[in-house]
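Beneath this line is the structure, given in structure tokens, with notes to follow.
We use all heavy atoms of the structure for the numbers below, so side chains are in, but hydrogens, waters and symmetry mates are not.
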Amino acid sequence: MNIRRTKDIQNLELPFKLKISFEKVVALFQKYASKEYEKHPYHQSSINIVREAKKAPELINGFSDESILEKHKEAIDLLLEPLFPELLLENEIKAVSIPFTFTSFKFTTRFEKILQNAGNDYELKVRNFESDLMYIYACSLILASVYDYPIDLKRPFFFDIPDKTINTIKKYRAAFNADFMEIFPAEGTPKITEEDIKILLDNFEDINIWKEKFPPKSYIFKGFGIMNLFDVTTDEIISEIRTSLIKKDDNLVHTLEGIFQRFFGIPDLSLGFSIFETDSNNFSSSHINKEESLVLNYDKDVSCDCIFCNYTLEKLFINNETLAISDVEKYGNQAENKNLYQRLKDKNIGSIILVPIQASTKNSIAIIEFASPRPFELNSINQNKLQDLIPLFKIAVDRFSEEHKNILEATIQENYTSIHPTVKWRFYEAAERFHRESYEAKEKVKIEDIIFPDVHPLYGQSDIKGSSVARNAAIKEDLITQLSLAISVLLEACKVESLPIYKELQFRVQEYLSDVKEGLKAGDEIAILDFLKREIYPVFNHIKEVNNDLSILVKSYINRLDPDLQVVYEKRKSYEDSVTLLNDKLASFIDIRQEEAQKMFPHYFERYKTDGVEYNMYIGQSLTKEKKYDDLYLYNLRLWQLQVMCEMENIALKAAEKMEHKLRVASLILVHSNPLAIKFRMDEKQFDVDGAYNIRYEIIKKRIDKAHIKGTEERLTVPGKIAIVYSQDKDADEYYKYIKYLQSKKLLGNIEKLDIEDLQGVSGLKALRVEVIYNKDFDTQKTMTIDELIQEFK
């Protein structure tokens, strides 16, 4: 007799002594063998079966020795024959099995074939076998059958059985029939009490308690069970697909591809997808916001009506119907637009299914692609297997569309209209209140203004000195180069063709060149470029056709021009590269240092790149609800700001070593004594001071860097020095302490006390201007932290 065991039962411990017995089956045959049923069609055969069974009393009394199964194989087959009718042997997957051990010894024909296809080395193995859970499961069965206290611990058992004929693993769920078994306590087994049951109900995971109440082999299991298997391979694949679509997975397409290969039974099936943002009225305006497509070749801006023929376009994008192309070659012969056919051909695709999924956003549609290298493997019949999965695809597409939208919003927040983390809580409060009032259907619900009163401002800038002069000088040099090149082409042309027009144009170019060398005026650049475009370039088109040498010369001229701007852009590019390098280094440095400063006390910070870097900071109690504000934090932040300015000066000087234009910065700090209010301007999406009185602060910020020292033509801001602008003497006294400390750290040198010329609408400003001491070995990684700075300052 063929006996199959589960691999994991060698050391399995159970609260049972297992006895295989056919007593209940024999009792049933004895019933039909009695005189009461002598006219029943089963009567005579039952008499014969009972006679055979009594020849082997151990089959009735029960046995544990599995060798008896083989010894009485014929009698056992006779007893079990009614349970295995011949008409169902090819259809049902059924076996006689001993519960918990899954030892099986009588199989239907179909079950036998499944085991044969699994290979000689396969042994029945329960998925996720847990011996402790199996023990508790057995105890729950005892509670139900012996003590009439049912516990709902039913759980399905699964077998993963390989099918080597098609090189896959099939999934089977097991169901058990317990009609032919009985359970009773062994001699001396203590009875389970109500109190015991209460303890067990509260200690499901404590196996020791269960073994204490149900000692191993303390009960007798007598009989056998019928195990039926059901092929749930497709159900499990659908469940895998559902799980994969729900969870976030960076390799989702690769994961799903393997699952769908099993789903369709095509080992080399390929999976792809693309999500279109499209206008149903204008398919030429569509673009792709996500794709891992088999046919789109990572195009980003495509026109649907260019890729798809009218038939596929209508089917997919208008009717949202699944399209199966079972034979790509046949499709190519019939389609008026060969674009899709050629793409499929290039990817060696023989048949393909395209599934359109309309997202809830309406203007998003996903196309999911299932492709086989062979024709007819994917077709209009097996496309119907996907029908139940379309709702899952739709959920995934909707989720992706929402995630994509959130990513875009986050990108915008980060790069365009970022709300600083320190104040974000206040925006959430306003948003929550707005939505709550909207939900309560209050009339004229309006989102509230975001205002932070009583905050102390700090402003600083590291401005590139002489940027306008340097930029104009670069423009001038590029124009001189371009005009000189044009003259050289015309001179060579005169040598080949003595045409008066060449000399006349040469004269006019020379006039422009002389004017530029004398000085560049507003509008000169535009006028010169317009002249070259109208007068010179048409002549150059003729010149390059005269002979090869002139053609090379014209091409040389064109190669010196920027391809987009059509001007010589060499000195300007060098200058702008220098500005970008300096800006990036300064901005990156202060961003990193500012994160450290936030740990001291949360404050608002915003930074801008211009010709240099400028930034605003605001600190005060209204900005945070997590920590109590004290003016001590303001003083610490002012000291930190001055130290960071020293460090940024060093960074700028060090960066100049790598620049073609040796740019320098002039540093400025604006001190404002009195607190003010700031308000978020909805139209500009940024904070600004609130109230007419506070406007003076903004005016000073805009004009102070161009100010002169009173009674002189000398600018306040100069390279190598930090200007600290203030209006009250107490502010100067405070900063003298900071400067003196930083002088002791060899960061600052001599101090000047200056009066500033009156600005439009502002008078009475003063400044301290302090020399920066540069450190040749300055290293941004070794700067003093704010904690170290404050600790030493104390």
Side-chain angles (χ1 to χ4, degrees), residues 245 253 256 260 263-264 269-401 404:
L245 289 172
V253 173
L256 286 175
F260 276 107
F263 184 74
F264 282 105
L269 176 138
S270 299
L271 176 68
F273 82 99
S274 54
I275 298 182
F276 292 83
E277 292 291 331
T278 186
D279 182 348
S280 59
N281 298 317
N282 182 9
F283 292 109
S284 63
S285 66
S286 60
H287 69 277
I288 300 168
N289 64 27
K290 177 74 173 179
E291 69 114 332
E292 292 186 36
S293 173
L294 302 176
V295 296
L296 293 180
N297 300 321
Y298 294 94
D299 298 329
K300 290 301 175 190
D301 293 303
V302 299
S303 170
C304 294
D305 53 4
C306 284
I307 295 178
F308 303 102
C309 68
N310 290 335
Y311 171 73
T312 56
L313 193 67
E314 181 178 0
K315 188 95 168 170
L316 296 172
F317 289 90
I318 298 177
N319 299 335
N320 293 137
E321 296 175 355
T322 299
L323 172 66
I325 301 175
S326 60
D327 186 350
V328 168
E329 284 296 334
K330 181 180 178 182
Y331 166 79
N333 293 332
Q334 296 175 345
E336 73 278 8
N337 181 342
K338 307 292 184 184
N339 198 330
L340 177 59
Y341 163 72
Q342 194 57 53
R343 288 170 181 252
L344 296 174
K345 190 72 175 172
D346 291 345
K347 292 292 182 74
N348 192 33
I349 294 173
S351 55
I352 190 168
I353 295 175
L354 301 173
V355 183
I357 305 295
Q358 179 72 62
S360 296
T361 55
K362 299 300 181 187
N363 63 333
S364 289
I365 188 168
I367 302 295
I368 303 173
E369 308 157 348
F370 304 89
S372 166
R374 291 165 294 278
F376 302 108
E377 280 196 335
L378 294 170
N379 50 66
S380 62
I381 295 177
N382 59 12
Q383 82 174 40
N384 285 282
K385 294 179 66 175
L386 297 167
Q387 201 62 36
D388 294 333
L389 294 172
I390 288 178
L392 300 178
F393 288 136
K394 187 178 187 306
I395 292 171
V397 170
D398 284 345
R399 190 194 72 196
F400 168 78
S401 296
H404 182 69

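Atom CG of Leu340 is separated from atom OH of Tyr311 by 12.5 Å, given to the nearest 0.5 angstrom. To the nearest 0.5 Å, atoms OG (Ser274) and CD (Glu369) are separated by 5.5 Å.
At distances below 3.5 Å, not a single donor-acceptor pair connects side-chain atoms of Glu377 with backbone N or O atoms of Ser372. Judged by distance alone, with hydrogens and angles left aside, the side-chain atoms of Asn384 form a donor-acceptor pair with the main-chain N or O of Ile381 at under 3.5 Å.
The number of heavy atoms from other shown groups lying within 6.0 Å of NZ (Lys330) does not exceed 12.
Across every non-hydrogen atom of Asn320 and Pro356, the tightest pair is C-CG, 3.5 Å. Among all heavy-atom pairs drawn from Lys394 and Gln358, the shortest one is CE-O, 3.5 Å.
Side-chain atoms of Asn333 and Tyr341, non-hydrogen and from C-beta on, never get closer than 4.5 Å to each other. Ile390 has its side chain within reach of Thr322: a pair of non-hydrogen atoms, C-beta onward, lies under 4.5 Å apart. Between Ser351 and Asp327 the shortest side-chain heavy-atom distance does not fall below 4.5 Å. A 4.5 Å side-chain heavy-atom check between Gln383 and Leu378 finds every atom pair outside the cut-off. The shortest side-chain heavy-atom distance between Asp398 and Ile357 does not fall under the 4.5 Å cut-off. Using a 4.5 Å heavy-atom cutoff, the side chains of Leu323 and Tyr331 are not in contact. By the 4.5 Å heavy-atom criterion applied to side chains, Leu344 and Ile352 are counted as neighbours. With contacts defined as side-chain heavy-atom distances shorter than 4.5 Å, the pair Leu316/Ile365 does not qualify.
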Exercise for the section: Determine, step by step, whether Phe317 and Ile367 satisfy the side chain to side chain contact (heavy atoms under 4.5 Å, CB included) criterion, reporting the C-alpha distance in whole Å, the side-chain angles of both residues, the deciding distance to 0.1 Å, and the verdict. Expected result: CA-CA 9 Å; Phe317 289 90; Ile367 302 295; 4.2 Å; yes

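Partners of Lys385 according to the side chain to side chain contact (heavy atoms under 4.5 Å, CB included) rule, which considers only residues two or more places apart in sequence or in another chain, are Phe263, Asn382. Judged as a side chain to side chain contact (heavy atoms under 4.5 Å, CB included), and not counting sequence neighbours, the contacts of Ser326 are Phe376, Asn379.
A tilted orientation is assigned to the rings of Phe393 and Phe370, their planes being inclined by 30° to 60°.
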